[in-house]
Protein chains: 2
Amino acid sequence: MNSEVTKYGRKEDCPLTFALTLIGSKWRLPIIWALWQDKTLRYNELKRRVDGITNMVLSSSLKEMENQGLVVRKQYMEIPPRVEYSLTKAGEDLIPSLESLAKWGKSMQNIRIENT
Amino acid sequence: MNSEVTKYGRKEDCPLTFALTLIGSKWRLPIIWALWQDKTLRYNELKRRVDGITNMVLSSSLKEMENQGLVVRKQYMEIPPRVEYSLTKAGEDLIPSLESLAKWGKSMQNIRIENT
DNA sequence: TGAGTAAGTCAGTAAAAACTGAGTAAAAGG
DNA sequence: CCTTTTACTCAGTTTTTACTGACTTACTCA
């Protein structure tokens, strides 16, 4: 038995599993990626940038991501309403890990192509 | 517009989205993690290590992960049958990214606790 | 006056992922 | 002889996740 390995009795306590609950569903990465590229986007801009997402999923995702501390929502008291979304510091801190994962993903895609 | 940013018309072509298809479902990380710790495990050992997984999910996951090049299946022609699973090189290459992601996840868990 | 834009909400439905519980063959151990 | 172990497989069902399409309020532009 490797004593340096931390055991998590309940899967939910594992930081890695927890991280996946934050970014693992279908639309999380596209949203994060759009906000990372453009820094700040209004609701409908974001919707246009994240192709195919529905209002339902976008609005509920943003709400959850705000609660989770990934995204900031800034509302201006104007008419017509203006709401701007951007990544928090914590959200930005995620980017290097995503880039590392993307690098790995790319190498896996290449393997598939090579073996075809 | 940031010219250094690669655009992927179809989400499926994005290496990051692709990576998540390999590790994003509920039981992939627990399986990978168990194989990373123990290097080689037989089917039922793995099942015991990954608490709560069903045969259905474990066997189909292993089959897919083998096709995807994450896992090697080594079968010995013995009775009773013996089958051993382990990570491929590509599977092991994933670990650093996961550790980075876990680190981020841990910091997010701490924030939650602090704010409670 | 009618259309378009803003930022969403909502009920209902479809699709995807996971779970339940049983079953298989052949052999070892009590 | 009866139970357990091995490595699975399968039909059927539940749970989770995402999609559909319509609707809201208040303003601007033609």
Side-chain angles (χ1 to χ4, degrees), chain A residues 10-12 14 17-35 38 40-68 70-86, chain B residues 10-12 14 17-35 38 40-68 70-86:
Chain A
R10 285 158 299 174
K11 286 187 302 300
E12 319 83 61
C14 168
T17 300
F18 177 71
L20 266 207
T21 65
L22 302 183
I23 63 163
S25 59
K26 188 173 176 188
W27 296 99
R28 290 289 155 95
L29 289 183
I31 294 171
I32 291 168
W33 194 241
L35 289 175
D38 290 7
T40 291
L41 286 169
R42 300 177 63 172
Y43 181 89
N44 280 326
E45 287 174 333
L46 189 50
K47 197 187 165 190
R48 276 178 232 114
R49 296 278 280 91
V50 180
D51 196 54
I53 198 170
T54 62
N55 278 328
M56 184 75 150
V57 172
L58 179 55
S59 70
S60 67
S61 296
L62 287 171
K63 215 175 279 179
E64 286 173 34
M65 293 166 87
E66 203 195 344
N67 291 334
Q68 291 160 347
L70 285 172
V71 158
V72 212
R73 180 181 188 273
K74 206 169 173 185
Q75 179 168 6
Y76 297 84
M77 284 318 235
E78 298 175 2
I79 283 176
R82 182 153 64 105
V83 181
E84 287 180 353
Y85 292 94
S86 48
Chain B
R10 285 159 300 173
K11 285 188 300 300
E12 318 82 63
C14 167
T17 300
F18 177 71
L20 266 208
T21 66
L22 303 183
I23 63 163
S25 57
K26 186 171 177 188
W27 296 99
R28 291 287 155 97
L29 289 183
I31 294 171
I32 291 168
W33 195 242
L35 289 175
D38 290 6
T40 291
L41 287 168
R42 300 177 64 171
Y43 182 89
N44 280 328
E45 287 173 334
L46 188 50
K47 198 187 165 191
R48 276 177 233 114
R49 295 278 280 90
V50 180
D51 194 55
I53 197 168
T54 61
N55 278 327
M56 184 73 149
V57 171
L58 180 54
S59 71
S60 67
S61 295
L62 287 170
K63 215 175 278 177
E64 285 173 34
M65 291 166 89
E66 203 193 346
N67 291 335
Q68 291 159 347
L70 286 172
V71 158
V72 213
R73 179 181 190 275
K74 207 168 172 183
Q75 178 168 7
Y76 298 84
M77 287 317 237
E78 301 174 3
I79 282 179
R82 180 152 65 107
V83 181
E84 288 179 351
Y85 292 95
S86 47

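Quick caveat, the model's predicted, so the values are computed rather than measured. Lettering follows sequence order; numbering is per chain, from 1.
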- Query: Can you check side chain to side chain contact (heavy atoms under 4.5 Å, CB included) on A:L62 and A:Y43, steps first, answer last?
  - Reply: CA-CA 9 Å; A:L62 287 171; A:Y43 181 89; 4.0 Å; yes

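- Rounded to an integer number of Å, the gap from A:L62 CG to C:dT9 P is 10 Å.
- For the residue pair A:E45/A:Y85, the side-chain donor-acceptor check at 3.5 Å is not satisfied.
- Protein atom CD of A:E78 is 13 Å distant from nucleotide atom P of C:dA6, rounded to whole Å.
- No engagement by B:R28 is indicated, since no non-hydrogen atom pair under 4.0 Å with the nucleic acid exists.
- For A:S59, taking side-chain heavy atoms from C-beta onward, the closest of the listed nucleotides D:dT6, C:dT9, D:dC8 is C:dT9.
- Nearest to the side-chain atoms of A:P81 among the listed nucleotides C:dA6, C:dC19, D:dA18 stands C:dA6.
- Between B:Y43 and D:dT9, a side-chain N or O to OP1/OP2 separation shorter than 4.0 Å is absent.
- Pairing for D:dA30 goes to C:dT1, judged as Watson-Crick or G-U wobble with the two contacts each under 3.5 Å.
- For D:dT6, neither phosphate oxygen OP1 nor OP2 lies less than 4.0 angstrom from any side-chain nitrogen or oxygen of B:R42.
- Out of D:dT9, D:dC19, C:dT9, the shortest distance to the side chain of B:K63 is found at D:dT9.
- One finds a side-chain N or O of A:R48 lying less than 4.0 angstrom from the OP1 or OP2 phosphate oxygen of C:dA6.
- If you run side-chain contact (heavy atoms from CB on, under 4.5 Å) between B:P30 and each of B:L58, B:V50, B:I53, only B:V50 comes through.
- Atom CH2 in A:W27 sits about 15 Å away from atom C1' in C:dA16, given to the nearest Å.
- If you check every strand for non-hydrogen atoms under 4.0 Å, A:Y76 touches nothing.
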- Task: List the steps and the verdict of side chain to side chain contact (heavy atoms under 4.5 Å, CB included) for B:W33 and B:R49.
- Result: CA-CA 10 Å; B:W33 195 242; B:R49 295 278 280 90; over 6 Å; no

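- Put simply, CG on B:N55 is 12 Å from P on C:dT20, counting in whole angstrom units.
- When rounded to the nearest whole Å, the span between CE of A:M56 and C1' of D:dC23 equals 14 Å.
- In this structure, A:E45 places its CD atom 13 Å from P of C:dG8, rounding to the nearest Å.
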- Task: Could you walk me through whether B:M65 and B:I32 pass side chain to side chain contact (heavy atoms under 4.5 Å, CB included), step by step?
- Result: CA-CA 10 Å; B:M65 291 166 89; B:I32 291 168; 3.5 Å; yes

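- Atoms CZ (B:R82) and P (C:dA27) sit 17 Å apart, rounded to a whole Å.
- Between the P atom of C:dA27 and the CG atom of B:N44 lies a distance of 18 Å, rounded to the nearest Å.
- Nearest nucleotide to the side chain of A:T54, out of D:dC19, C:dT20, D:dC8: D:dC19.
- If you check D:dA18, C:dG8, C:dA18 against the side chain of A:V57, the one that comes closest is D:dA18.
- For A:K26, no side-chain nitrogen or oxygen approaches OP1 or OP2 of D:dT16 to under 4.0 Å.
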